[in-house]
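Being a predicted model, the structure only gives us computed values, none of them experimental.
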Amino acid sequence: METIDSDSIPPGIKERRQKAKIDENGILQENILFRSPSYAAAFVIGGHVNGLVEWKTKDGVSLKEIENS
């Protein structure tokens, strides 16, 4: 499966995306630890994003909302 990265993705995240074990269905086959929610989101999306806003519970509550409560 080909990964497509935006120019804004941090180089370390881009390298992790290229080396990650991902199956033919696009499912990550290993655990990867990130320093921040934004780096984790950049890994998934392939571009720069705010992980505190993008990561949400199944009920739509963002990490930022959880952090502030």
Side-chain angles (χ1 to χ4, degrees):
M1 174 176 250
E2 179 185 5
T3 58
I4 300 172
D5 301 321
S6 88
D7 292 335
S8 67
I9 191 171
I13 300 299
K14 185 174 186 174
E15 183 178 336
R16 281 187 172 186
R17 282 172 54 85
Q18 292 170 345
K19 293 181 178 180
K21 295 175 187 168
I22 300 173
D23 73 11
E24 63 278 355
N25 296 314
I27 298 173
L28 186 63
Q29 299 297 303
E30 62 185 323
N31 292 325
I32 301 177
L33 182 63
F34 295 95
R35 301 176 108 193
S36 74
S38 293
Y39 275 17
F43 176 86
V44 172
I45 293 173
H48 178 74
V49 292
N50 182 340
L52 289 175
V53 175
E54 297 300 326
W55 289 112
K56 296 180 181 167
T57 67
K58 63 181 175 181
D59 298 323
V61 180
S62 71
L63 282 178
K64 185 173 186 163
E65 292 171 298
I66 293 169
E67 185 178 73
N68 292 331
S69 60

Residue pairs, two or more places apart or on separate chains, that pass ring pair (Phe, Tyr, Trp, His ring centres under 6.0 Å) and touch residues 16-41: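 Pairs touching residues 16-41 that pass the test: Phe34-Phe43.
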Partners meeting side-chain contact (heavy atoms from CB on, under 4.5 Å) with Ile45 (sequence neighbours left out):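 Val49.
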Distance check, rounded to the nearest 0.5 Å: [X] atom [atom1] versus [Y] atom [atom2]?
{"X": "Lys14", "Y": "Gln18", "atom1": "NZ", "atom2": "CD", "value": "6.0 Å"}
{"X": "Arg17", "Y": "Leu28", "atom1": "CZ", "atom2": "CG", "value": "11.0 Å"}
{"X": "His48", "Y": "Ser38", "atom1": "NE2", "atom2": "OG", "value": "6.5 Å"}

4.5 Å side-chain heavy-atom contact, Thr57 and Leu63: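 Of all side-chain heavy-atom pairs linking Leu63 with Thr57, none is under 4.5 Å.
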Beyond-backbone contact of Ile22 with Glu30, side-chain heavy atoms, under 4.5 angstrom: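 They are not in contact (no side-chain heavy atoms under 4.5 Å apart), so the answer is no.
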Residue pair Arg16, Ile32: steps toward the side-chain contact (heavy atoms from CB on, under 4.5 Å) verdict: CA-CA 9 Å; Arg16 281 187 172 186; Ile32 301 177; 3.4 Å; yes
Within one Ile-Leu-Val-Met-Phe-Trp-Tyr cluster: Val61 and Val53, side-chain cutoff 4.5 Å: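 Not linked; separate clusters.
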same_hphob_cluster(Val44, Leu52) at 4.5 Å side-chain heavy-atom cutoff: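 Yes; Leu52 is reachable from Val44 via cluster members.
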Main-chain N/O of Ile27 paired with Gln29 side-chain donor or acceptor, under 3.5 Å: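 Yes.
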Within residues 59-69 or reaching into it, pairs that qualify as side chain to side chain donor-acceptor pair (under 3.5 Å) - sequence neighbours excluded: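 As it turns out, the side chain to side chain donor-acceptor pair (under 3.5 Å) pairs with a partner in residues 59-69, which skip direct neighbours, are Ser62-Glu65.
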Closest heavy-atom pair and its distance - Ala41, Gly51: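 Looks like CB-CA, 4.1 Å.
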